[in-house]
Amino acid sequence: MAIKPNRLEGYELLHKGALAFAKAEAQGMRIDSEYCERKKKHLTRKIERLEKKLKETKFYRHWQHVMKNPNIYSNWQLARFLYEVKKIKPVKLTPSGKGATDEEALSQIDIPEVKIILKLRKLKKLRDTYLDAFAREQVDGKIHPFFNLHTVRTYRSSSDRPNFQNIPKRDEEAMRICRGSILPRKGFQLLEVDYSGIEVRIGECYHKDPVMKRYIENPESDMHGDMAKQIFKIENFDKSIPEHKYLRNAAKNSFVFPQFYGDYYVNCAEGLACKWGHLPKSKWKKGQGVPMPEGFLSDHLIKVGIKSYSEFEEHIKEVEYDFWYRRFKVYQKWKDKLWKEYQRKGYIDTLTGFRIGGLMRKNEVINSPIQGSAFHCLLWSFIQLDEISEKEGWNTKLIGQIHDSILFDADPKELNYVVPIIERVMTEDIRKAWDWIIVSLEVEMDICEPDRPWSEKKEFLWK
DNA sequence: GGAACTCGCCAC
DNA sequence: AAACGTGGCGAGTTCC
């Protein structure tokens, strides 16, 4: 049967969504203002110490000598100084063709002062982008981040003033500093509920690839493990071995996800070998790269017949071909079909009732419906839970959302009651409302102790 | 003196 | 043939 999205439904989803988000915005989230100020002062002291240290160096005196208004935070000056004055060869260029000064480029320059600049950037980012914004935006000890539904081409959401959707998480130190300032109401606790792998699952509703369906539904299967096995040619792959687990992560982050976003083997090979494998872009010698259960990555790859970077890149080219034309060939056919359809009609329709038009590249065409509809699952659940909480008079409130997760300011006394409802709405009710969802849905929960900040969230095993 | 731009970097 | 999707925001620079 042909897909017949109901665009009135899409229209209503945004209307109801805007109202539910407005209520969360009004509710707001508590900020530990004293903590913010303390951390800001602490960061400022650290920044001043490092600036002083930098300014006492020969490196800086040279910089001062050649620049009119020397400013260590000017990337324009930094690029001129490193790449023109000191004649260092830039390892990478910006989109406009100038020598890049991002972390990846600078970390390859072996000058201690450059390391100080990188450290300073990180500290300033935390202070000026996050803590300052929280302090600036807070009203009576609460911030009220906005959640927008009208700004994103794919009909996802965005957030601003302050942006609640990009608060540090992966860097442990940055996470603790920034998320440490976000609190529940007094006596309450923060509860975060995430859809697991929602984009992959909603992707399945579009392309209906049977191999992908098995990966989604069979808990024994492991796509990232299978790809690690193939990419690094590991016969007896076992993700309980730490070195194998590391390479599985490499496969996931430098091959599988980028491939789904439309990247290609040249970039993937570089990420896998250099960034994750710590191998050089040349012929490999014994004892190079990250450790393996026996020896090092280069030892292993040489043994299985990949003796240099160029041979590895060629291998990844074959893995990519296999990935799309054998493993996920139905997915590949869908991509081609959608691209042709867009070229013919000038727009695409999504399963949640939206028409996306305008000039798009192939990767945008393929990503838009999946990204948008995956978010709409979250939006639908957000609306339902807001309605139920209102009708039943919950003290537990919805206070924010990050594309595939909802943040609750939860009443400890209500947890036993609301948690099963949250799970039911997000995984069962939604499938009754939208029968085009042909895969199972799952949620994961994290929770903080009462009165504890967001930085302390722990896995919540409620069942 | 503000708008618009580039660059870098945080999230999903 | 070409080659990573979606945002917000701060700082510096350039344009008008």
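Predicted model, so just to flag it, every value in this text is computed and none were measured.
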Q: Using a 4.0 Å heavy-atom cut-off, does D263(A) contact any base of the nucleic acid, only the sugar-phosphate backbone, or nothing at all?
A: base
Q: Name all pairs fulfilling the ring pair (Phe, Tyr, Trp, His ring centres under 6.0 Å) condition that reach into residues 90-110 of chain A, sequence neighbours left out, sorted by first residue then second.
A: none
Q: Evaluate E9(A) against T352(A) for side-chain hydrogen bond (donor to acceptor under 3.5 Å, both in side chains), listing each step before the verdict.
A: CA-CA 7 Å; E9(A) 264 181 57; T352(A) 43; over 6 Å; no
Q: Using a cut-off of under 3.5 Å, enumerate the N/O to N/O pairs linking the protein to nucleotides 1-5 of chain B.
A:
none

Q: In this structure, is the centre-to-centre distance between the rings of W454(A) and F164(A) below 6.0 Å?
A: yes
Q: Output all residues satisfying side chain to side chain donor-acceptor pair (under 3.5 Å) with E341(A), sequence neighbours left out; order by chain, then residue number.
A: K345(A)
Q: Within the 4.0 Å limit for protein heavy atoms, which parts of nucleotides 7-12 of chain B are touched? Write it as a string from 5' to 3', B for base, S for sugar-phosphate only, - for none.
A: SSBBSB
Q: Aromatic rings F260(A) and F323(A): how do their planes relate, parallel, tilted or perpendicular, breaks at 30° and 60°?
A: tilted
Q: If only atom types and distance count, is the side chain of K119(A) paired as donor or acceptor with the main-chain N or O of L50(A) below 3.5 Å?
A: no
Q: Under the ring-ring contact (aromatic ring centres under 6.0 Å, His included) test, which residues partner Y73(A), sequence neighbours left out?
A: none
Q: Identify, residue by residue, the members of residues 131-155 of chain A with a heavy atom below 4.0 Å from DNA chain C, and return them in order of residue number, or none.
A: R136(A), T151(A), V152(A), R153(A), T154(A)
Q: Which residues pass the side chain to side chain donor-acceptor pair (under 3.5 Å) test with R153(A), sequence neighbours left out?
A: E364(A)
Q: For the residue pair H207(A) and W334(A), categorise the inter-ring angle as parallel (less than 30°), tilted (30 to 60°) or perpendicular (more than 60°).
A: perpendicular
Q: Just distance, no hydrogens or angles: give the donor-acceptor pairs under 3.5 Å from side chains in residues 261-270 of chain A, sequence neighbours left out.
A:
| unit_1 | atom_1 | unit_2 | atom_2 | d |
| --- | --- | --- | --- | --- |
| D263(A) | OD1 | N267(A) | ND2 | 2.8 |

Q: Got a sec? Which of residues 11-42 of chain A come in under 4.0 Å of DNA chain C, heavy atoms?
A: none
Q: Can you give me the first and the last nucleotide of DNA chain C (5' to 3') that has an atom within less than 4.0 angstrom of a non-hydrogen atom in chain A?
A: dA3(C) to dT13(C)
Q: Between the side chain of R201(A) and the main-chain N/O of S440(A), is any donor-acceptor distance below 3.5 Å?
A: yes
Q: In Å and rounded to the nearest 0.5 Å, what is the CG to CG distance from L190(A) to L407(A)?
A: 5.5 Å
Q: Should the pair Y11(A) and H15(A) be assigned to parallel (<30°), tilted (30 to 60°) or perpendicular (>60°) ring geometry?
A: tilted
Q: Which pairs, with at least one residue in residues 136-150 of chain A and sequence neighbours excluded, count as a side-chain hydrogen bond (donor to acceptor under 3.5 Å, both in side chains)?
A: N148(A)-S158(A)
Q: Could you work out how much the helix from dG1(B)-dC16(C) to dC12(B)-dG5(C) bends, comparing the axis of its first five pairs with that of its last five, to 10°?
A: 10°
Q: Dump the intermediate steps for side-chain hydrogen bond (donor to acceptor under 3.5 Å, both in side chains) on Q384(A) and D429(A), then the final yes or no.
A: CA-CA 9 Å; Q384(A) 295 305 307; D429(A) 295 0; over 6 Å; no
Q: Check the orientation of Y60(A) and W63(A). Use parallel for under 30°, tilted for 30 to 60°, and perpendicular for over 60°.
A: tilted
Q: Any donor and acceptor pair, going by atom type alone, linking the side chain of Y195(A) with main-chain N or O of E444(A) inside 3.5 Å?
A: no
